[in-house]
Structures are given as structure tokens and as C-alpha cells.
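Reckoned from all heavy atoms, side chains included, excluding hydrogens, waters and symmetry mates. If you read the sequence from its start, that first residue is 1, and numbering goes on from there. Remember, predicted model here, so these are calculated numbers, not experimental data.
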Amino acid sequence: KAWRALPRDAQRRLAQQLDLELGLDRPELEARDGVWFLTSLDRVNCAIQVASDLESLASNVLEACLQLFGCGRAWLASSSSASADSWRVAMERTQGAFTPALGGAGSPLDDVTLVAVLRAVLATSGATEFGPGAQPVPEPIAARFGVHAQLVVALFPKGTEPYVLGLQRCDDRGPWRSQDARLLEEI
């Protein structure tokens, strides 16, 4: 029961530590990571399949992200202009003691630093990591939203303005894993 009560991220870290202590070799660990990756993708796919509309699809995917990545906040922001000068919150989900910080669906994102980060993410390919072991979380974002680590990726749906999908850790769990970035990119 105690094992099941732990967050998935804590379960994964403990399992990895046990693997190292038990002497499991690298191919076995890589196989386990591969199983986690495919199982996680399947979970997101199931969340998408049960959705009846776009809003429930986004909500289901953000809820799945909270569980899969063990983060405190998952959000989706959309640019309301081709130049990406203005952004709004499309959706935000939190878990545990972490409260919504971005103002709710439809709220404009007016923080200059946050808008600069979102625009920079659009210019990169793949996931962008902020926090321990990567570029630091910009101080205004860390202070205002209580973020210790952030993982974000740009989305470019056909026929609409770009979006950014973001995950935030509001506790000090250390850096994101490479598997986390890969999974977020695939989502």
C-alpha cells in the first residue's frame, strides 16, 4: 500500500535506485525505460480516444501529463497573433497543493518574461528544459509561479495559431530526465 501511495515519479526513482543496487545492467534498464515510454504513450492515446470534444481531449491529456510526469502543473497556452506577441491560457491543470497560477482559461499572459520564453520555445525544435542541469528558470517566473523546473514544447496544429504545452515542477525534485523530454515531444 505504501508503494502505491507514492507519486509515480517517486516510484520510478526508487525503482531505478533499486535496479542500480541490484546490479541490473544497462540494456535491462533501457528496456524498462522503453516499456515506460510505450506504456505512457498508450495512456495518453487512451485519454485522447475517450474524449468527445477538443476541450475534453486537452483536459484528459493534461491530467495524464500530471500523473505520467509527476509534476504539479500542466498547461497549454496559445498565441493569439501570428507574431506570437500575445498569449492566452488555453487550459491549466494542477494536482496536490499546487494552485492554478496562470489565471484560468482565456486569461491573457502579460508577464514579459513568460511571453519571451514562449516565443523562444516556438523557435526551437523539441522540448526545452528549464531548471537544475539546464538553463535556469527565469527568476520572475520562478518567483511568481513557484516553479523549480519546467519542460515545454511548441505545438503547431494545422490551420490555427501555435500552442505551447508546459509542465512545471513546483517542488525541488531535480532535473527532468531525457525520457521525459522525449515523451513530451511525442505527445
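- Here the shortest heavy-atom pairing between A64 and V44 reads CB-CG2, 4.4 Å.
- In this structure the side chain of V147 never reaches within 4.5 angstrom of the side chain of F130, judged on heavy atoms.
- In this structure a side-chain-to-backbone donor-acceptor pair under 3.5 Å is present from E185 to A127.
- The closest donor-acceptor contact from the side chain of R169 to the backbone of P175 lies under 3.5 Å.
- Looking only at side-chain heavy atoms (C-beta outward), V117 and Q150 come within less than 4.5 Å of each other.
- Checking D42 against T39 by side-chain atom types alone, no donor-acceptor pair falls below 3.5 Å.
- Among residues two or more places apart in sequence or in another chain, the side-chain hydrogen bond (donor to acceptor under 3.5 Å, both in side chains) test is passed with T124 by T128.
- Interatomic distance, CD of E63 versus OG1 of T94, reported as 8.5 Å (0.5 Å rounding).
- The minimum heavy-atom distance linking F156 with A154 is given by the pair CE1-CB, 3.7 Å.
- To the nearest 0.5 Å, atom CG of residue L184 and atom SG of residue C65 are 6.5 Å apart.
- In the hydrophobic clustering of ILVMFWY residues, with side-chain heavy atoms under 4.5 Å counting as a link, L41 and L155 come out together.
- V164 is listed as a side-chain neighbour of W75, based on a closest heavy-atom distance under 4.5 Å.
- Hydrophobic clustering of Ile, Leu, Val, Met, Phe, Trp and Tyr side chains at less than 4.5 Å, counting indirect connections, unites V61 with F69.
- Distance alone, capped at 3.5 Å, places no donor-acceptor pair between the Q168 side chain and the G72 backbone.
- Note that CG of D171 is 9.5 Å distant from SG of C71, once rounded to the nearest 0.5 Å.
- Listed here is the closest heavy atom pair of R93 and L62: CG-CB, 3.8 Å.
- Once rounded to the nearest 0.5 Å, the distance linking CZ of R177 with CZ of R182 reads 11.5 Å.
- In this structure A58 satisfies the side-chain contact (heavy atoms from CB on, under 4.5 Å) test together with L76, M91, sequence neighbours excluded.
- Rounding to the nearest 0.5 Å gives a distance of 9.0 Å between CG of D180 and OG of S40.
- In this structure, L57 CG and Q49 CD are separated by 9.0 Å, a value rounded to the nearest 0.5 Å.
- Here the side chains of L118 and V152 are not in contact, with every heavy-atom distance at 4.5 Å or above.
- A pairwise comparison of heavy atoms in Q67 and R43 identifies CB-NH2, 3.4 Å as the closest pair.
- Linking ILVMFWY residues whenever their side-chain heavy atoms come closer than 4.5 Å, directly or via other members, places V121 and I141 in the same cluster.
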Subject >> Worked check of side-chain contact (heavy atoms from CB on, under 4.5 Å) between L167 and W176 >> reply: CA-CA 10 Å; L167 308 173; W176 296 95; 3.8 Å; yes

